[in-house]
Visitor: 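Below are the structure tokens for one structure; questions will follow.
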Amino acid sequence: MNILVLLKQVPDTETKIRITSDKKNIETADLKWIINPYDEFAIEEGLKTKERLKEGTVTVVTVGPTRTVEALRTAVAMGADNAIHVKVEETLDTYLVAKALAEVCKKEGAQIIFTGKQAIDDDQAATFGYLAELLQYPSVTLAVKCDVSVDKTKATIEQEGDSGAKSIIETSLPAVIAVTKGINTPRYASLPGIMKAKKKEIKTYSIADLGLGSETSKTIDSDYQLPPERAPGKKLTGDITTQVKELVRLLREEAKVI
Amino acid sequence: MGNVFLIAEQKDGNIKRVSLEILSELCRQGIATTAVVIGFGDLSKVTESLVTHGASKVVVLENEVFTQYNTEGYANALHHYLTPQNPSVIVTGATSHGKDFLPRLAAKFATGIAVDCVSFQFTGEKVAVRRPVYAGKCSKQVAFAVAPAIFSVRPNVLQTQMASKSAAVEKVVGNPGTIKAKILSTVASQIKKVELTEADIIISGGRSLKSADNFKILNDCAATVGAAVGASRAAVDAGYAPHDMQVGQTGKTVSPKLYIACGISGAIQHLAGMRTSKIIVAINKDPEAPIFQKTDYGIVADLFEVVPLLTEEFKRLKSQS
């Protein structure tokens, strides 16, 4: 089975964000980069699916600048068989990223595609849906369990819903499955894996190689802003009972939120 | 402005408030809006509230298939209905369903998308939106190069407002097209919970709760004011709470009227997920906890002492009103 895992390299969650002087992006120099945490679950699910089926290849794919090869090598060190890099230096919008990924999925004959439910940088949570629609595949997001049938024609997915609800969804394959935290515990890279990853040949495409040379982004970003600083609040004083009574009074009379 | 469509969301014949929030803002900006509802059965309450909140026209896409939500079915039916209408803007709430079907719809229209916006502004024929990124550590403006502009709006950030208008309600057969992923069953949570992203009040617990059982004191407190209960990543990773309760950069981004953080130190990735709350309260033993720099009101004390007192005080308040 051809298992594809889509991943994105994002700034570490502890990153303090700074904005460029033209306000068109964030400062990316000196950032610590990680694999998007939700995509780590997708990598693990790809590897687990292969193990459960006892056959198949796991191919990881990313779209991004040269530095993103590191994320691919980390995934190979975790156990992925192949890696594909769609090399772009500028930032593409969700539409164009999905277009590029769709071309790669077609070339690779993907039978199941795993990805994280959203990337924690742009927070669009939209790539999986675009991609599935472009490929005319079904999509299931917020997956917390995914079982591929023995004949590999369908998958049964447990989906996390609102307010703690759970749904069981059955989908034909190929399909795009967007996973969330709770589906598995991603493994660490093994030492032999790290050695293998260093030497792994990574297939590279440009946007033009994928036949998308004339495509442009459909959205234009501008005016990045930091959120306004919150004014320092007040720490309440007195014994605990007094503080609690005062808090409730303030919430009711000053803040008017209860 | 041309043809603006709000995809209104309903569940069991009740409108989602975010749909009315968006509609009210469109009205304030003087934008004539067609509200489209997908569903089956008695939707009179839904269509009525859309009319009273200022829709110029309400269209119901009816089909028995839409007794329950379906990703492909919604995207197909909307595309089928909207294509001949030549839409210039399509907007919906950034709920779990809105976030799910909207990218598929955007792909069908070969256009761009902006998800989870906190404001939008029409200028003549164009709309520009602002959306938080990096879980709210910053935000950006997004403009659309082609029509239709497609975006979703975060719940709880815009105000609802009634409008004295009348509007026609039209029923159309919804065309769900081919559906490849089907919901076989849905089980609601055994405990009745308020959805975090749509809650007015959230009470969250951190690792200081020390166990899953201890979350009961937060649940009890939340029940008195109809609040949702959240958790920090540390509490989720320690197994005290399920992931769907996690607030922060690798969980949910929330903006309630009131956020009460109990035993949460205030890691940057947690603050990112709740900083747009209107009022933030922190209860923490450690006076140096970073959370106190972001809070409106702070109580430096043990949450195990404070929360039960708070529950009692909320109860007392409720009995008076």
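Naming convention: chains lettered A, B, ... in sequence-line order (proteins, then strands); numbering from 1 in each chain.
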Visitor: Checking heavy atoms, do the side chain of R275(B), its backbone, both or neither come under 4.5 Å from chain A?
Guide: both
Visitor: Identify which part of D244(B) has an atom lying under 4.5 Å from any heavy atom of chain A, answering side chain, backbone, both or neither.
Guide: both
Visitor: Please state whether the side chain, the backbone, both or neither of L236(A) comes within less than 4.5 Å of a heavy atom of chain B.
Guide: both
Visitor: Given heavy-atom pairs under 4.5 angstrom as the criterion, report whether the side chain, backbone, both or neither of I168(A) touches chain B.
Guide: both
Visitor: Who wins among V146(B), V194(B), T178(B), L317(B) for the most heavy-atom pairs under 4.5 Å with chain A?
Guide: L317(B)
Visitor: Can we say K99(B) and D123(A) salt-bridge, meaning some charged N sits less than 4.0 Å from an Asp/Glu carboxylate O?
Guide: no
Visitor: Looking only at atom types and distance, does a side-chain atom of E313(B) sit under 3.5 Å from a main-chain N or O of K245(A), one as donor and one as acceptor?
Guide: no
Visitor: Restricting to non-hydrogen atoms, name the atom on S217(A) and the atom on A145(B) that form the minimum distance, rounded to 0.1 Å.
Guide: O-CB, 4.2 Å
Visitor: Are D223(A) and R130(B) within salt-bridge range, i.e. N to O under 4.0 Å?
Guide: yes
Visitor: Any carboxylate oxygen within less than 4.0 angstrom of a Lys/Arg side-chain nitrogen, looking at K234(A) and D296(B)?
Guide: no
Visitor: Quick one: what part of A110(B) sits under 4.5 Å from any heavy atom of chain A, side chain, backbone, both or neither?
Guide: both
Visitor: Is chain A contacted by the side chain of T311(B), its backbone, both, or neither, given a heavy-atom distance below 4.5 Å?
Guide: neither
Visitor: Applying side chain to side chain contact (heavy atoms under 4.5 Å, CB included), run through F314(B) and I258(A) and close with a yes or a no.
Guide: CA-CA 9 Å; F314(B) 280 155; I258(A) 55 168; 3.6 Å; yes
Visitor: Side chains of E72(B) and P138(A): does their closest heavy-atom pair fall under 4.5 Å?
Guide: yes
Visitor: Decide if atom NZ of K285(B) counts as having more than 12 heavy atoms of other residues, nucleotides or ligands within a radius under 6.0 Å.
Guide: no
Visitor: Pick whichever of A125(A), G182(A), A255(A) has the most heavy-atom pairs under 4.5 Å with chain B.
Guide: A255(A)
Visitor: Assess the residue pair D100(B) and K117(A) against the criterion (salt bridge (charged side-chain N to carboxylate O under 4.0 Å, His left out)); give the C-alpha distance rounded to whole Å, side-chain angles, the decisive distance to 0.1 Å, and a yes or no.
Guide: CA-CA 10 Å; D100(B) 186 36; K117(A) 66 130 183 164; over 6 Å; no
Visitor: Please state whether the side chain, the backbone, both or neither of T216(A) comes within less than 4.5 Å of a heavy atom of chain B.
Guide: neither
Visitor: Report which part of Y137(A) has an atom under 4.5 Å of a heavy atom belonging to chain B: side chain, backbone, both, or neither.
Guide: backbone
Visitor: Once you round to the nearest 0.5 Å, how far does CG of D116(B) lie from CG of D122(A)?
Guide: 11.0 Å
Visitor: Determine whether V140(A) and T71(B) satisfy the following criterion, side chain to side chain contact (heavy atoms under 4.5 Å, CB included), listing intermediate values before the conclusion.
Guide: CA-CA 8 Å; V140(A) 181; T71(B) 313; over 6 Å; no
Visitor: Please identify, among T141(A), I26(A), L131(A), T156(A), the residue contributing the most non-hydrogen atom pairs under 4.5 Å to chain B.
Guide: I26(A)
Visitor: Could you state the interatomic distance from CG (L226(A)) to SG (C138(B)), rounded to the nearest 0.5 Å?
Guide: 6.5 Å
Visitor: What option among K24(A), R252(A), K218(A), E246(A) has the most heavy-atom pairs under 4.5 Å with chain B?
Guide: K218(A)
Visitor: Are E229(A) and K294(B) ion-paired here, with the side-chain N under 4.0 Å from a carboxylate O?
Guide: yes
Visitor: Can you tell me which of A119(A), S139(A), G116(A) forms the most heavy-atom pairs within a distance under 4.5 Å of chain B?
Guide: S139(A)
Visitor: Side chain from CB out, backbone as N, CA, C, O: work out which of these in V257(A) comes under 4.5 Å of a heavy atom of chain B, or both, or neither.
Guide: both
Visitor: Output the option from Y224(A), Y95(A), F128(A) having the highest count of non-hydrogen pairs under 4.5 Å with chain B.
Guide: Y224(A)
Visitor: Which one wins on heavy-atom pair count under 4.5 Å against chain A: K140(B), K318(B), Q293(B), H97(B)?
Guide: K140(B)
Visitor: Just so I understand: if I count every heavy-atom pair under 4.5 Å between each of E195(B), R104(B), Q269(B) and chain A, which residue has the most?
Guide: R104(B)
Visitor: Apply side chain to side chain contact (heavy atoms under 4.5 Å, CB included) to V306(B) and V244(A), showing your working.
Guide: CA-CA 7 Å; V306(B) 177; V244(A) 170; 3.7 Å; yes
Visitor: Looking at CD1 of I183(B) and OG1 of T171(A), how far apart are the two atoms once the value is rounded to the nearest 0.5 Å?
Guide: 11.5 Å
Visitor: What part of L96(A) lies closer than 4.5 angstrom to a heavy atom of chain B: side chain, backbone, both or neither?
Guide: neither
Visitor: Without hydrogens or angle criteria, can the side chains of E254(A) and Y297(B) be said to hold a donor-acceptor pair below 3.5 Å?
Guide: yes
Visitor: With chain B as the partner, which of S163(A), S167(A), A126(A), G233(A) has the greatest number of non-hydrogen pairs under 4.5 Å?
Guide: S163(A)
Visitor: Looking at CD of Q246(B) and OG1 of T180(A), how far apart are the two atoms once the value is rounded to the nearest 0.5 Å?
Guide: 9.0 Å
Visitor: One pair to check against side chain to side chain contact (heavy atoms under 4.5 Å, CB included): T13(A) and H270(B). What are the steps and the verdict?
Guide: CA-CA 10 Å; T13(A) 53; H270(B) 185 78; over 6 Å; no
Visitor: Which bit of Q124(A) is near chain B, if near means a heavy-atom gap under 4.5 Å: side chain, backbone, both or neither?
Guide: both
Visitor: Can you confirm whether more than 12 heavy atoms, excluding those of K154(A), are under 6.0 Å from its NZ atom?
Guide: no
Visitor: Select one option (side chain, backbone, both, neither) describing which atoms of L196(B) are under 4.5 Å from chain A's heavy atoms.
Guide: neither
Visitor: Are K137(B) and D121(A) close enough for a salt bridge, meaning some N to O gap below 4.0 Å?
Guide: no
Visitor: Where do Y130(A) and T111(B) come nearest, in terms of heavy atoms and distance?
Guide: OH-O, 2.6 Å
Visitor: Can a cation-pi geometry be assigned to K235(A) and F292(B), taking NZ or CZ under 6.0 Å from the six-membered ring centre and within 45° of the ring axis?
Guide: yes
Visitor: Counting heavy-atom pairs under 4.5 Å to chain A, which of A75(B), P242(B), S189(B) comes out on top?
Guide: S189(B)
Visitor: How long is the straight-line distance from OG1 of T186(B) back to NZ of K166(A), given to the nearest 0.5 Å?
Guide: 12.0 Å
Visitor: Enter the distance from T219(A):OG1 to I113(B):CD1 here, rounded to the nearest 0.5 Å.
Guide: 9.5 Å
Visitor: With a 4.5 angstrom heavy-atom cut-off, is it the side chain or the backbone of P228(A) that approaches chain B, or both, or neither?
Guide: neither
Visitor: Among A106(B), A143(B), A94(B), G112(B), which residue has the highest count of heavy-atom pairs closer than 4.5 Å to chain A?
Guide: A143(B)
Visitor: What part of I280(B) is in contact with chain A, defined as an atom under 4.5 angstrom from a non-hydrogen atom: side chain, backbone, both or neither?
Guide: both
